[in-house]
> 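Can you keep this structure in mind? I'll have questions shortly.
Throughout, residue positions are numbered sequentially from 1 according to the sequence presented. All values below were derived from every heavy atom in this structure, side-chain atoms included, with hydrogens, water molecules and symmetry-related copies excluded.
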Amino acid sequence: MAEQLRKTTLDSGWVAARSTEVQFTGTQLTTTHSPTGPTSPWMEALVPGTVLATLVKNKAVPDPFYGLQNEHIIDIADSGRDYYTFWFFTTFNCKLSSNEHCDLNFRGINYSADVYLNGHEIILPKGMFRRHSLDVTNILHPDGTNLLAVLVHPPDHPGRIPPEGGQGGDHEIGKDVTTQYVEGWDWMAPIRDRNTGIWDEVSISVTGPVKIIDPLLVSTFSDDYKKAYLHTTTELENRSSLTAECSLSVLVTTELEDSICLVEHHLQTQDLTIPANSRVQYTFPELFFSNPNLWWPNGMGKQSLYNVVISIDVKGFGESDSWSHHFGFRKIESHIDDATGGRLFKVNGEPIFIRGGNWILSDGLLRLSKKRYNTDIKFHADMNFNMIRCWGGGLAERPEFYHYCDCYGLLVWQEFWITGDVDGRGVPVSNPNGPLDHDLFLFSARDTVKLLRNHPSLALWVGGNEQVPPDDINAALKNDLRLHPYFESEDENSKPVGDWFPMSTDFSQYLDGTRIYIQGSMWDGFADGKGNFTDGPYEIQNPEDFFKDHFYNYGFNPEVGSVGMPVAATIKATMPSEGWQIPVFKKLPNSYVEEVPNPIWEYHKYIPYSKPTKVHDQIQLYGDAKDLDDFCLKAQLVNYIQYRALLEGWTSRMWSKYTGVLIWKTQNPWTGLRGQFYDHLLDQTAGFYGCRCAAEPVHVQLNLATYLIEVVNTTSEELSNVAIEASVWDLDGTCPYYRVHENFSLLPKKVAPIVKMKYPESKDPKQVYFLLLKLYNMADNRVISRNFYWLHLSGGDYKLLEPYREKKIPLKITSKVSVEESIYNIQVLVTNTSTRSDSTSSTGRLSDGFYGTHSLETLDCGVGIEQETGGSKRIHKCFSGKSDGLKVTEINGPDVGVAFFLHFSVHTSKRDYEEGKDTRILPVHYSDNYFSLVPGETLPINISFDVPQGVTPRVILHGWNYDGGEIICEVV
């Protein structure tokens, strides 16, 4: 994120009040009649945030994301715009020295505002996605105490929600340059205030006479990326009445460890003269780097970041301004692939198979924070995704979002504020010429580019969702975002850089120039490339269909979606008891089932797990759901299979049919019940871990259409001397099928079928069985990829798993905790200690050593191991303070077999428990979850989470065979 030398963020101490309830003018509020605190009509305000977020914070309205409470909040269409027109007030201290200047900065206001500072009025222009920087030097109070009031007005065309809802309501919101989802969508209820508010950062910044404005950083390369060049251009504004004699410097550092920085470059340029009251553009001499650390997407390498600091000194004043930004050396290219017709992306010359998801925004009330963004983006990286698409009906995402994408390696597809549903292709057709103010749209787009263009994660700009912008806007964006010739080349060595052709790398006349602009999400290598509605589908599928030739016919699918039921605890936390009723399963004459959800689920946009005439109900494959807990657990089984199959099906055709896929969607900005891998409370579904498994860079998988075992290598390194172990386990705990396929190799960026899994063709195969695939290095038996399936014979179901729940499989859980401030890190080894039954396929390859029974020494810290055995449930107060001791919990059981569908959760301890309250501690990062263990197998699981002050955490293990949950440890 860009930072200035003397910047103060104004994110606390705000109060707000409805404009119709305030008797004073803005001048009076900031001179003689300022609010004294949150006393009626004033209330504590959430800034950044929205009016509705402030009302919810103060319990002036119910939580719109709980149950049907959104229906009890008046919509702006019924209340009128004045109802959601609010005053926001705060104070700040700023006292200037001679020749200093102060800017008051608003990074985003929706939709327009009247600003009053110490009695002076400044009218801000309209637009949600434009920055405002106000020179308030001459209106600051001499004693340093300043009074600020902002009257915020809603969008001009908030629209009305039709009774049937619809995509973007009545589409009126599309006449403004603002978010379009706020009138509701098929995955979102309407936002009653249309996101009115000071929704992004407010700050003051102090500079000397000369100010640095929106630098542009660009990297180019030669000699196969062994040589890099940093090109830096910036605007400079001299706000004094005198000519400024300046010296500029660029400092480039990289962090080694523990905040120790290595200075890579320090370039100083002397004798720059800037006339009084003027702006100039200055381009630094390029900086050369030998063997730079490159920035790579997730799964391809490290996300190496440098810190670039630009400073300007003014003669007679000293340092006038300083600007810093993290920067990654990388080159992104893309072209339409001849073989598939899909858009193919390259990073640093390496093709990258895109597996990612669609993103709306973090929170529908715009309660955005660095902490939430960190969790959101880390979750995407944890799923092994490499791209996020910022959908055009949502936000131009914030620098904090991009910062974490830079850190975790998520490429970003950023759309502008056009959607087919609202802008000319919806029902009814409306706004065919887009927003009313095209100049505002273009100003906002250019300003957004300047805000975000230095982030290495930003991969491409796109004009709109399922639509192109109006002709004049589209033409302007194509021109403004044209590529510099260097980035038009696929071969970085074909464009010399440096002293040979200095003009060839002049980026000063480009708004960006480094990443492509595509006019719409279904054009030019996406979907059918021609703008026809060829994305989707968006509902439950038969898992094997994802692998079939007919499933999707184009090279890159920007949207394909499915189910997204959360865990039962989330339903109970976000809905009253009448929302805990599971769907009615209505049997149809054609033997299919139609799910009829309760009204609360329907309001929260539930997608059923059946598709009459095409897909039998996937939950009922496991038997009738008894209650909410049972329904949600079975839904997690389906979630895991569904999304693993989706990604494995796409990856099976890597480069031969597909170049990428983006799932619709990865999360919901509210408590929705569709298209998500983690819910709004930040608890992951099992689909999260299905994706994590399927999208690992090197992966072994079963083609569900052909039963061929395939190996995927998306990396740049060849796989050699590797082997596959395939073992089938039945419900009796025996291993009737075991095969090892040794000593094969696989080239980089390839997928290859290795051998067919023939157990279903064997004599007397079991109706339901488990399959464990392991890809391992033959030199050291190191497991490279592990993939566990539960399968049934063709035409069958999983109902035999229901009585399998009664089996009690013994487990041994070894755990170690470390605590740093409020962050807990727990390392866990889980072992299925049941003894294997003899079978004809049992061989030495099934030894504990291969299956990964990790040595306790990997967790040992010199403290003796304490072991407790006995009953099936044990509560162990296993850690005290910052103890590094090991604890072993044994869960006894007489049966032999697979410990099926185990998953951890973290809760507050019983003494912190309030009746009826959700006890989960969220978010929690798990290295894996919803996993299964065959007899004798051990898996390591890492768990990390932040604990609120005064709360004692406990870790609980749940599973198909462990109905009540087993308390593994309680930290005291």
> For a side-chain contact (heavy atoms from CB on, under 4.5 Å) check, start with the C-alpha distance between Leu216 and Phe507, then their side-chain angles and the critical distance, and finish with the verdict.
CA-CA 8 Å; Leu216 171 63; Phe507 294 91; 4.3 Å; yes
> Answer yes or no: is there an ion pair linking Glu415 with Arg389, defined by an N-O contact shorter than 4.0 Å?
yes
> Heavy atoms only: give me the nearest Ser334-Ile516 pair and the separation to one decimal.
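Heavy-atom minimum between the residues: OG-CG2, 3.8 Å.
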> Please determine whether ring pair (Phe, Tyr, Trp, His ring centres under 6.0 Å) holds for the pair Phe345 and Trp413, giving the CA-CA distance in whole Å, both sets of side-chain angles, and the decisive distance to 0.1 Å.
CA-CA 12 Å; Phe345 288 86; Trp413 158 335; 7.8 Å; no
> Quick one: pull up CD in Gln667 and CD in Gln684 and give me the separation to the nearest 0.5 Å.
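Gln667 atom CD to Gln684 atom CD measures 13.0 Å (nearest 0.5 Å).
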> Crowded around Glu71 CD? As in, over 12 foreign heavy atoms under 6.0 Å?
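Yes - once you tally the heavy atoms of other residues, nucleotides and ligands closer than 6.0 Å, there are more than 12.
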> Under 3.5 Å, is there a donor-acceptor pair between the Gln467 and Asp421 side chains?
no
> Are the charged groups of Arg446 and Asp480 less than 4.0 angstrom apart, N to O?
yes
> Please round to the nearest 0.5 Å and tell me the distance separating atom OH of Tyr609 and atom OG of Ser562.
7.5 Å
> Does any donor atom in the side chain of Tyr603 or Asn70 lie under 3.5 Å from an acceptor atom in the other side chain?
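Short answer, yes.
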> Would you call the rings of Trp359 and Tyr373 parallel, tilted or perpendicular if under 30° counts as parallel and over 60° as perpendicular?
tilted
> Would you say the ring centroid of Trp185 lies under 6.0 angstrom from that of Trp664?
no
> What I want to find out is whether Arg107 reaches Glu400 closely enough, with some N-O distance under 4.0 Å, to be called a salt bridge.
yes
> Carefully, step by step, assess His680 and Phe65 under the rule ring pair (Phe, Tyr, Trp, His ring centres under 6.0 Å).
CA-CA 9 Å; His680 194 58; Phe65 297 168; 5.4 Å; yes
> Identify whether NZ of Lys or CZ of Arg in Lys370 sits under 6.0 Å from the centre of the six-membered ring of Tyr404 and within 45° of that ring's axis.
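Lys370 over Tyr404 ring: no.
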> Does Val152 form a side-chain contact (heavy atoms from CB on, under 4.5 Å) with Ile198? I'd like the steps, not just the answer.
CA-CA 7 Å; Val152 180; Ile198 306 174; 3.8 Å; yes
> Please lay out, stage by stage, how Trp461 and Tyr517 fare under the test ring pair (Phe, Tyr, Trp, His ring centres under 6.0 Å).
CA-CA 5 Å; Trp461 304 103; Tyr517 167 76; 8.9 Å; no
> With Asp524, which residues qualify under salt bridge (Lys or Arg N to Asp or Glu O under 4.0 Å), at least two apart?
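For Asp524, no residue satisfies salt bridge (Lys or Arg N to Asp or Glu O under 4.0 Å) once neighbours in sequence are set aside.
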> With respect to Trp391, which candidate in Trp187, Phe416, Trp417 satisfies the ring-ring contact (aromatic ring centres under 6.0 Å, His included) definition?
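When ring-ring contact (aromatic ring centres under 6.0 Å, His included) is applied between Trp391 and each of Trp187, Phe416, Trp417, only Trp187 qualifies.
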> For residues Asp193 and Tyr83, is any side-chain donor paired with an opposing acceptor at under 3.5 Å?
no
> Would you please say whether a donor-acceptor pair under 3.5 Å links the side chains of Thr196 and Asn110?
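Short answer, no.
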> Within 45 degrees of the ring normal and closer than 6.0 Å to the centroid, is that where the cationic atom of Arg644 sits relative to Phe546?
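Here Arg644 fails the 6.0 Å and 45° test against Phe546.
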> Holding to salt bridge (Lys or Arg N to Asp or Glu O under 4.0 Å), I want the full list of residues that pass it with Lys548, two or more places apart in sequence or in another chain.
Asp545
> Assess whether side-chain contact (heavy atoms from CB on, under 4.5 Å) is satisfied between Lys450 and Leu511, documenting all intermediate values.
CA-CA 7 Å; Lys450 292 177 182 179; Leu511 181 62; 4.0 Å; yes
> Hey, is Asp186 close enough to Lys605 for a salt bridge, meaning N to O under 4.0 Å?
no
> For the residue pair Thr514 and His484, confirm or rule out a side-chain donor-acceptor distance under 3.5 Å.
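Not at all, the side chains of Thr514 and His484 share no donor-acceptor pair under 3.5 Å.
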> Given Arg355, which partner from the list Thr651, Asn384, Asn298 fulfils the side-chain hydrogen bond (donor to acceptor under 3.5 Å, both in side chains) test?
Thr651
> Hey, are Arg372 and Asp376 close enough for a salt bridge, meaning a charged N less than 4.0 Å from a carboxylate O?
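Yes, charged N to carboxylate O under 4.0 Å.
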> Answer yes or no for Arg130 and Phe443: cation-pi contact, defined as NZ/CZ to six-membered ring centre under 6.0 Å and angle to ring axis within 45°.
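Output yes; distance and angle both within limits.
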> Strictly by modelled atom types, are Asn454 and His325 linked by a side-chain donor-acceptor pair under 3.5 Å?
no
> Dump the intermediate steps for ring pair (Phe, Tyr, Trp, His ring centres under 6.0 Å) on Trp655 and Trp650, then the final yes or no.
CA-CA 10 Å; Trp655 311 134; Trp650 245 270; over 10 Å; no
> Verify side-chain contact (heavy atoms from CB on, under 4.5 Å) between Ile663 and Leu647, making sure each step is shown before the conclusion.
CA-CA 9 Å; Ile663 298 174; Leu647 286 178; 4.0 Å; yes
> Do Asp472 and His438 have a side chain donor and acceptor closer than 3.5 Å?
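A donor-acceptor contact under 3.5 Å links the two side chains.
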> Of the non-hydrogen atoms in Ser521 and Pro558, which two are nearest, and what is the gap between them?
O-CG, 3.4 Å
> Is the positively charged end of Arg482 above the ring of Tyr510, judged by distance under 6.0 angstrom from the centroid and angle within 45° of the axis?
yes
> Keeping to residues at least two apart or across chains, list the salt bridge (charged side-chain N to carboxylate O under 4.0 Å, His left out) pairs with something in residues 74-85.
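Listed by first then second residue: Asp75-Arg192, Asp75-Arg194, Asp78-Arg160, Arg81-Asp156.
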> Should the pair Trp601 and Tyr606 be assigned to parallel (<30°), tilted (30 to 60°) or perpendicular (>60°) ring geometry?
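Tilted: the ring planes of Trp601 and Tyr606 meet at 30° to 60°.
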> Determine whether the aromatic ring centres of residues Tyr554 and Phe556 are separated by less than 6.0 angstrom.
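Here the rings of Tyr554 and Phe556 have centres that are no less than 6.0 Å from each other.
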